[in-house]
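For reference, the structure is listed below as structure tokens.
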2 protein chains.
Amino acid sequence: MDDGSAEHARQKLVAGAADMIRRRGLTATSVRELAKHADAPLGSTYHYFPGGKAQLAAEAIAYSGNATAAILARELERGPLDGLRSFLIMWRKIVVDTDFRAGCPVLAVSVEAVPEADGPPRAAAAAAFAQWTGLLAGSLCDHGAERAAAERTATLIVAAVEGSIAMCRAHRSTDPLDRIADSLEVLVRTATEPTREGAS
Amino acid sequence: MDDGSAEHARQKLVAGAADMIRRRGLTATSVRELAKHADAPLGSTYHYFPGGKAQLAAEAIAYSGNATAAILARELERGPLDGLRSFLIMWRKIVVDTDFRAGCPVLAVSVEAVPEADGPPRAAAAAAFAQWTGLLAGSLCDHGAERAAAERTATLIVAAVEGSIAMCRAHRSTDPLDRIADSLEVLVRTATEPTREGAS
DNA sequence: GTCTATACGAAGATAGAC
DNA sequence: GTCTATCTTCGTATAGAC
């Protein structure tokens, strides 16, 4: 039973790290405050994560990336267009619900070339981006898109969404996210109906 | 002549801040190291920038945003497509020349909701994004695009470029930036030739 | 195995010597 | 006006008591 609560405490730290990185970025996320927020002693943090902050960050990024990928994969089952829309709505909800104070932890880690962010955390960020891009590209391929075009479109979607999340936070407005929606939908339609043969 | 060298020292601090924020983000950029890098005593920093780190950061963001805008405006004179290409090449050069260790300082500030980043720095970031988007949208309008479509396309370009810069850093590869290029060019062509009437 | 107490350095900012 | 020396707080990480 200790296993259960111990793993729970560990998980709480990872989830808390993801949330804090999402808001402040990695450097501004202190292990101290993280432990306090998770009601865990500071020492426990280094017991669960011998690799220190870097390990904690890497697991937080992987956790967050996988959670997003799971939702994306589920929504993509209804087709690439529905997947795209859900993806946009999901991020929109995060920035709105936090009054533009939170964004994407994967993005945050990717723009901080601090020693502790290199290595595991950066690798986890790259894996998350690759996972999301791969899911989108796969769905586009499944719906008639050519391989190369699918990868290009998927990359553009991920890049545009990430960039617009940051722009929304800077502007304290959802306009950037809302404005890219239409163009991305057009791109998805174009990619999945290359010859415009009148698919459903 | 003291004016000249004093202003030079000030400018050196601003440029150094922009460079450091570009690489590490705002939180990991210390005023101490900044002063050392600019060969200025720590006290001088607070003499030039009474507002402390926040003021320094805000000026660094504005400086960087204006520099980018100046280049973008110049290249856009040859048309939106040439402007887009130059924009992409410019960012590509930054990430490649620094071995993927530097990105966009405006983006970095936008994803760090730390107290010192709110206020002036965040406002400067929003202004930079708005300036770039405005320049692109204006050029698209000048070349036949409708107002709303121009703004959507311009926003998508800025968002996609910013996002792909972060992805390039995470992957340590220029693939993301290279992959979005084609799609963005198609979007610009579509926006400026809405009825496909065979413009020059 | 868990956690308190602490080591050690660096952060932002300032006071006061030149 | 310029800058050195310092104050205070907070960072990561650990040692050693329970």
Side-chain angles (χ1 to χ4, degrees), chain A residues 1-14 16-17 20-21 23-61 108-109 112-122, chain B residues 1-14 16-17 20-21 23-61 108-109 112-122:
Chain A
M1 355 182 161
D2 274 2
D3 266 19
S5 73
E7 283 308 307
H8 179 255
R10 220 193 104 101
Q11 182 54 29
K12 216 171 162 186
L13 281 166
V14 172
M20 209 170 288
I21 293 171
R23 294 168 184 269
R24 314 184 186 174
L26 177 57
T27 309
T29 295
S30 75
V31 182
R32 273 185 132 85
E33 199 167 357
L34 209 46
K36 184 191 290 182
H37 187 269
D39 283 316
L42 180 61
S44 293
T45 308
Y46 290 90
H47 170 68
Y48 294 132
F49 307 91
K53 192 180 183 179
Q55 183 186 354
L56 189 40
E59 292 199 26
I61 297 301
V109 168
E112 292 179 85
V114 62
E116 66 199 349
D118 272 359
R122 204 212 77 248
Chain B
M1 357 186 159
D2 274 3
D3 265 21
S5 73
E7 282 308 307
H8 180 255
R10 221 194 103 102
Q11 182 54 28
K12 217 170 160 186
L13 282 166
V14 172
M20 208 170 290
I21 293 170
R23 293 167 185 271
R24 313 185 187 172
L26 176 58
T27 309
T29 295
S30 75
V31 182
R32 281 184 128 85
E33 197 168 358
L34 209 47
K36 183 192 289 184
H37 187 269
D39 283 316
L42 179 61
S44 293
T45 307
Y46 289 89
H47 170 70
Y48 294 131
F49 307 90
K53 191 179 182 179
Q55 182 187 354
L56 189 41
E59 292 199 25
I61 298 301
V109 169
E112 291 179 84
V114 63
E116 66 199 350
D118 273 357
R122 205 212 76 251

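Everything numeric here is computed off the predicted structure, so don't read it as measured data. Every chain is numbered from 1 and lettered A, B, ... according to where its sequence line falls, protein lines coming before strand lines.
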Here the distance between atom P of D/dT9 and atom CD of B/Glu116, to the nearest Å, is 18 Å
CD1 of A/Ile21 to CG of A/Leu56, rounded to nearest 0.5 Å, is 7.0 Å
Atom CG of B/Leu34 and atom P of C/dA11 are separated, to the nearest Å, by 11 Å
For a quick test of reading the model: is some side-chain N or O of A/Tyr46 closer than 4.0 Å to OP1 or OP2 of D/dT14?
no
For the residue pair A/Val31 and A/Leu42, establish whether any side-chain heavy-atom pair is separated by less than 4.5 Å. yes
| query | Counting N and O atoms only, with roles assigned by atom type, does the side chain of A/Arg10 sit under 3.5 Å from a partner on the main chain of A/Tyr48, one being a donor and the other an acceptor? | reply | yes
Taken to the nearest whole Å, CG/B/Leu26 to P/C/dG12 is 9 Å
From CD of B/Gln55 across to C1' of C/dA13 the rounded distance in Å is 14 Å
*Using a cut-off of less than 4.0 Å, is there contact between a side-chain N or O of A/Ser44 and OP1 or OP2 of C/dC3?*
yes
Between OH of A/Tyr48 and P of D/dT12 the distance, given in whole Å, is 19 Å
To the nearest angstrom, the CG-C1' distance between A/Leu13 and C/dC3 comes to 13 Å
Answer yes or no: is there a side-chain heavy-atom contact under 4.5 Å between B/Gln55 and B/Pro50?
yes
Atom CD of A/Glu33 and atom P of D/dT12 are separated, to the nearest Å, by 10 Å
Residue pairs passing the side chain to side chain donor-acceptor pair (under 3.5 Å) test with at least one member in residues 23-34 of chain A, sequence neighbours excluded, are A/Asp19-A/Arg23, A/Arg24-A/Glu33, A/Thr27-A/Glu112
Residue set satisfying side chain to side chain contact (heavy atoms under 4.5 Å, CB included) with A/Asp39, at least two apart, ordered chain then number -> A/Lys12
Heavy-atom nearest nucleotide on DNA chain D taken for B/His47 and for A/Ala54; more 5' hit belongs to B/His47
When rounded to whole Å, the CZ to P distance for the pair B/Arg10 and D/dG1 reads 16 Å
N/O contacts under 3.5 Å, protein versus nucleotides 5-9 of chain C?
none

So CG of A/Leu13 and OG1 of A/Thr45: to nearest 0.5 Å the spacing works out to 5.0 Å
* To do: Under 4.0 Å between any heavy atoms, over every strand shown, what does A/Thr29 touch: base, sugar-phosphate, or nothing? Just pick one.
  => sugar-phosphate
Considering only heavy side-chain atoms of B/Ser30, the closest of D/dG11, C/dA11, D/dT4 is C/dA11
